[in-house]
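What follows is a set of notes on a single structure, which appears directly below.
Here is how names work: the chains are called A, B, and so on, in the same order as the sequence lines, proteins then strands, and each is numbered from 1. Hydrogens, waters and symmetry mates play no part in the numbers below; they use all other heavy atoms, side chains included.
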Number of protein chains: 2
Amino acid sequence: MGLTKSAIFTEEQNHLARMAKVLAHPARVAILQYLVKVNQCICGDLVHEIGLAQATISQHLRELKSAGIIKGNIEGTSVCYCIDAEVWQDVQQLFDGFFNINSTSQSDDCC
Amino acid sequence: MGLTKSAIFTEEQNHLARMAKVLAHPARVAILQYLVKVNQCICGDLVHEIGLAQATISQHLRELKSAGIIKGNIEGTSVCYCIDAEVWQDVQQLFDGFFNINSTSQSDDCC
DNA sequence: ATTGTATATTGCAATATTACGATTAACAAA
DNA sequence: TTTGTTAATCGTAATATTGCAATATACAAT
């Protein structure tokens, strides 16, 4: 096999897993942190900043874009990337909701 | 290639990515949600609840355990699993910190 | 000792991810 | 038009993940 059985899970579970997967690589975390810091940048900046090949950075940018968490505007010969603030907040709330489904008794002990 | 270059990233970036990877599968999300709800359970419960093979659930449990987010106590012939509340809170704060590194001007527009 | 229950591990096939060189495409400037 | 810059895409190799049947391990009960 080797193919996730999405059908047996809820929409919420699949969505959270999808967004977590976007954050599941340090390069994508680094890209997002840099974008938050500088507000906007082009692919070449990230190649410099992070130290991976241009093709690799471009691939990570595509994944971030396909998840909707960043946007890219064509600006002459370069592409200007920035965070999609609305999606960012949605994802933030998604994780926040997940971590705050505290059970009545938050016991630490098994059995 | 095909191997993440962890050395060029910060500890924080690697750690966040590692924790995100744990949440990057709906089965593991489902296991954690179930554990939070019922406080503790055994592997067989999850096989029933989720609908994946026993070997597959066991594998996901091992990943969750190796990340430290759950604990397993041997209880006779079965193993009782529960959330590690301390690690859970650490991970919660890790994500919270990541999503709250708001830049001064949270502009939505590129260039 | 044998049987049953519960879980971990092994081995394997299918698929996905990561990384990068090489190439392509789009545009700007000379 | 030619040259340079920027970024996307293609192709490929190395590695990782997912899922499960089969097997192994551990213990409880008969």
Please tabulate the protein-to-nucleotide N/O contacts below 3.5 Å involving nucleotides 28-30 of chain D, giving atom names and distances.
none

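For I42(B) and dA8(C), the CD1 to C1' distance is 14 Å, given to the nearest whole Å. Atoms CG (N73(A)) and P (dT6(D)) sit 18 Å apart, rounded to a whole Å. Across the protein-nucleic acid pair, L46(B) atom CG and dT7(C) atom P stand 9 Å apart, rounded to whole Å. One interatomic measurement links the two molecules: CD1 of I8(A) to C1' of dG19(D), which rounds to 10 Å at whole-angstrom precision. Taking atom NZ of residue K71(B) and atom C1' of nucleotide dT7(C), one finds them 20 Å apart after rounding to whole Å. Here the P atom of nucleotide dA8(D) and the CD atom of E75(A) are 14 Å apart, to the nearest Å.
A heavy atom lying under 4.0 Å from DNA chain D marks none of the residues of residues 11-27 of chain A. Within residues 52-69 of chain B, the residues having any heavy atom closer than 4.0 Å to DNA chain D are, in order of number, L52(B), A53(B), A55(B), T56(B), Q59(B), H60(B), E63(B).
The two residues D84(B) and G68(B) make their nearest non-hydrogen contact at CB-O, 3.5 Å. When all heavy atoms are compared, the tightest approach of Y34(B) to L46(B) is CD2-CD2, 3.6 Å.
I74(A) comes within 4.0 angstrom of nothing in the nucleic acid, heavy atoms only.
More than 12 heavy atoms of other residues, nucleotides or ligands lie within 6.0 Å of CD1 in I8(A), so this atom counts as buried by the packing criterion. Crowding of E12(A) atom CD: a count of heavy atoms from other residues, nucleotides or ligands under 6.0 Å not exceeding 12.
Below 30°, between 30° and 60°, or above 60°: for W88(B) and F99(A) the angle between ring planes is above 60°, a perpendicular geometry. Taking the six-membered ring where the residue is Trp, F9(B) and H25(A) present perpendicular rings, their angle passing 60° and hence far from 30°.
Here the side chain of D96(A) pairs no donor or acceptor atom with the backbone of Q92(A) at under 3.5 angstrom. R28(B) contributes no side-chain N or O that, together with a main-chain N or O of H60(B), makes up a donor-acceptor pair within less than 3.5 Å. For the pair Q13(B) (side chain) and T10(B) (backbone), a donor-acceptor distance under 3.5 Å is present. Distance alone, capped at 3.5 Å, is enough to place a donor-acceptor pair between the N14(B) side chain and the S6(B) backbone.
Under the 4.5 Å side-chain contact rule for hydrophobic residues, V38(A) and I42(A) do not share a cluster.
Checking the phosphate oxygens (OP1, OP2) of dA6(C), no side-chain nitrogen or oxygen of Y81(B) falls inside 4.0 Å.
Residue order along DNA chain D, read from the 5' end via each residue's closest nucleotide, puts C41(A) first among C41(A) and K5(A).
Taking the side chain of V79(B) as heavy atoms from C-beta on, and the options dA6(C), dA8(C), dA7(D), the nearest nucleotide is dA8(C).
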